Amino acid sequence: GNSVTQMEGPVTLSEEAFLTINCTYTATGYPSLFWYVQYPGEGLQLLLKATKADDKGSNKGFEATYRKETTSFHLEKGSVQVSDSAVYFCALFKNTGNQFYFGTGTSLTVIP
Amino acid sequence: ETGVTQSPTHLIKTRGQQVTLRCSSQSGHNTVSWYQQALGQGPQFIFQYYREEENGRGNFPPRFSGLQFPNYSSELNVNALELDDSALYLCASSLRQDNSPLHFGNGTRLTVT
């Protein structure tokens, strides 16, 4: 079946540190891949997406590359800020069933 | 533009009761999806509505049902509530029924006692 596995948190980093949150997926065919973010007290919102192999999604300094060969979509940021503290969800979309599949989320706390 | 709004924000029900949750989609969005998010878990897809028809369903029993109205707002109904139904219920709207990004509401926290 289709599924997403992401690294467990919580993750705590100092400001300006490098961030990687690992995400791997299981799916047939060519799903679209997404990262959603949930800031404290807010609803989930799209951070970035990639719709085909080797595409790179980017937004707010975050990047993720769709790697078909390793079925991965790892989230990276070169220098995190306190305002990046949030829960990050990796997700895939399959046309079959018009369904998004979400990972369990990774909580990130950035300390000054 | 108006975002996705859900009501109520919190709800407490007793096992066996029925509940209706409501969602207004973002303006211009004709597709609404519902998700269940248990504590510490990611959202789980319940179903999707497009032009008032259910056109995708996750692994949830028939006692979870929904409606979409001509103005694209939606309801989620859950019958015969069980303790395990306690969760955050999220509504998300999107421009189309494809891989268009989801726009989420803040959710309804349902507690079943």
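First the proteins, then the strands, lettered A, B, ... as listed; each starts at 1. These figures come from a predicted structure and were not determined experimentally.
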Visitor: Are B:Tyr72 and B:Leu67 connected in the hydrophobic side-chain network, where two residues link if heavy atoms are under 4.5 Å apart?
Guide: no
Visitor: Under 4.5 Å from any heavy atom of chain B, what part of A:Ser107 do you find: side chain, backbone, both or neither?
Guide: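 Answer is neither: A:Ser107 stays 4.5 Å or more from chain B.
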Visitor: Would a single hydrophobic cluster contain both A:Leu48 and A:Phe18, if residues Ile, Leu, Val, Met, Phe, Trp and Tyr are joined by side-chain heavy-atom contacts under 4.5 Å?
Guide: no
Visitor: Do you know which of B:Pro101, B:Gly105, B:Pro43 has the most heavy-atom pairs with chain A at a distance under 4.5 angstrom?
Guide: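 It is B:Pro43.
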Visitor: Check the surroundings of atom CD in A:Glu8: do more than 12 heavy atoms from other residues, nucleotides or ligands lie under 6.0 Å from it?
Guide: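 Open: at most 12 neighbouring heavy atoms sit under 6.0 Å from CD of A:Glu8.
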Visitor: Are A:Phe102 and B:Tyr35 near enough that their ring centres are under 6.0 Å apart?
Guide: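 Aromatic pair counts; centres sit under 6.0 Å.
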Visitor: Return the CG to OG1 distance between B:Asp98 and A:Thr51, rounded to the nearest 0.5 Å.
Guide: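 Going from CG on B:Asp98 over to OG1 on A:Thr51, the span is 10.5 Å.
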Visitor: Shorter than 4.5 Å, heavy atoms on both sides: which option in B:Asn106, B:Leu90, B:Val4 has the most such pairs with chain A?
Guide: B:Asn106
Visitor: Keeping the roles fixed (side chain from A:Asn98, backbone from B:Asn55), state whether a donor-acceptor pair exists under 3.5 Å.
Guide: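 Between the backbone of B:Asn55 and the side chain of A:Asn98 there is a qualifying donor-acceptor contact (under 3.5 Å).
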Visitor: Evaluate whether atom NZ of A:Lys56 has more than 12 neighbouring non-hydrogen atoms of other residues, nucleotides or ligands under 6.0 angstrom away.
Guide: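 Counting neighbours around NZ of A:Lys56, 12 or fewer heavy atoms of other residues, nucleotides or ligands fall under 6.0 Å, so no.
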Visitor: Which pair of non-hydrogen atoms, one from A:Gln99 and one from B:Arg57, has the smallest distance, and what is that distance?
Guide: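 Residues A:Gln99 and B:Arg57, closest heavy atoms: NE2-O, 4.1 Å.
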Visitor: Using non-hydrogen atoms only, which part of B:Gln41 is less than 4.5 Å away from chain A: side chain, backbone, both, or neither?
Guide: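 Interface part for B:Gln41: both.
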Visitor: Give, as side chain, backbone, both or neither, the part of A:Tyr36 having an atom under 4.5 angstrom from any heavy atom of chain B.
Guide: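 Interface part for A:Tyr36: side chain.
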Visitor: Would you mind checking which part of A:Phe100 comes under 4.5 Å of any heavy atom in chain B, side chain (CB onward), backbone (N, CA, C, O), both or neither?
Guide: both
Visitor: Which distance, rounded to the nearest 0.5 Å, do you find between the NE2 of B:His103 and the CG of A:Leu44?
Guide: 12.5 Å
Visitor: Just wondering, do B:Phe104 and A:Glu42 contact through their side chains at under 4.5 Å, heavy atoms?
Guide: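 No, too far: nothing below the 4.5 Å cut-off.
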Visitor: I'd like to know if A:Tyr39 and A:Val110 are part of one continuous hydrophobic network [Ile/Leu/Val/Met/Phe/Trp/Tyr, side-chain heavy atoms within less than 4.5 Å].
Guide: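 Same cluster: A:Val110 reaches A:Tyr39 through Ile, Leu, Val, Met, Phe, Trp or Tyr contacts under 4.5 Å.
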Visitor: Treating Ile, Leu, Val, Met, Phe, Trp and Tyr as nodes and any side-chain heavy-atom pair under 4.5 angstrom as an edge, say whether B:Val78 and B:Trp34 lie in one connected cluster.
Guide: yes
Visitor: Could you state whether B:Val19 and B:Ile46 fall into the same hydrophobic cluster, counting links through intermediate Ile, Leu, Val, Met, Phe, Trp or Tyr residues with side-chain heavy atoms under 4.5 angstrom apart?
Guide: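 Yes, because B:Val19 and B:Ile46 connect within a single hydrophobic cluster, where side-chain heavy atoms sit under 4.5 Å apart.
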Visitor: If you count heavy atoms of other groups shown closer than 6.0 angstrom to CG of B:Leu39, is the number above 12?
Guide: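 No.
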Visitor: Can you check whether B:Leu102 reaches A:Phe34 side chain to side chain, under 4.5 Å on heavy atoms?
Guide: no
Visitor: Taking atom OG of B:Ser100 and atom CG of A:Leu46, what is their separation to the nearest 0.5 Å?
Guide: 11.0 Å
Visitor: Should we count CZ of B:Arg51 as having more than 12 external heavy atoms under 6.0 Å?
Guide: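 No, CZ of B:Arg51 has 12 or fewer neighbouring heavy atoms, counting only those of other groups under 6.0 Å.
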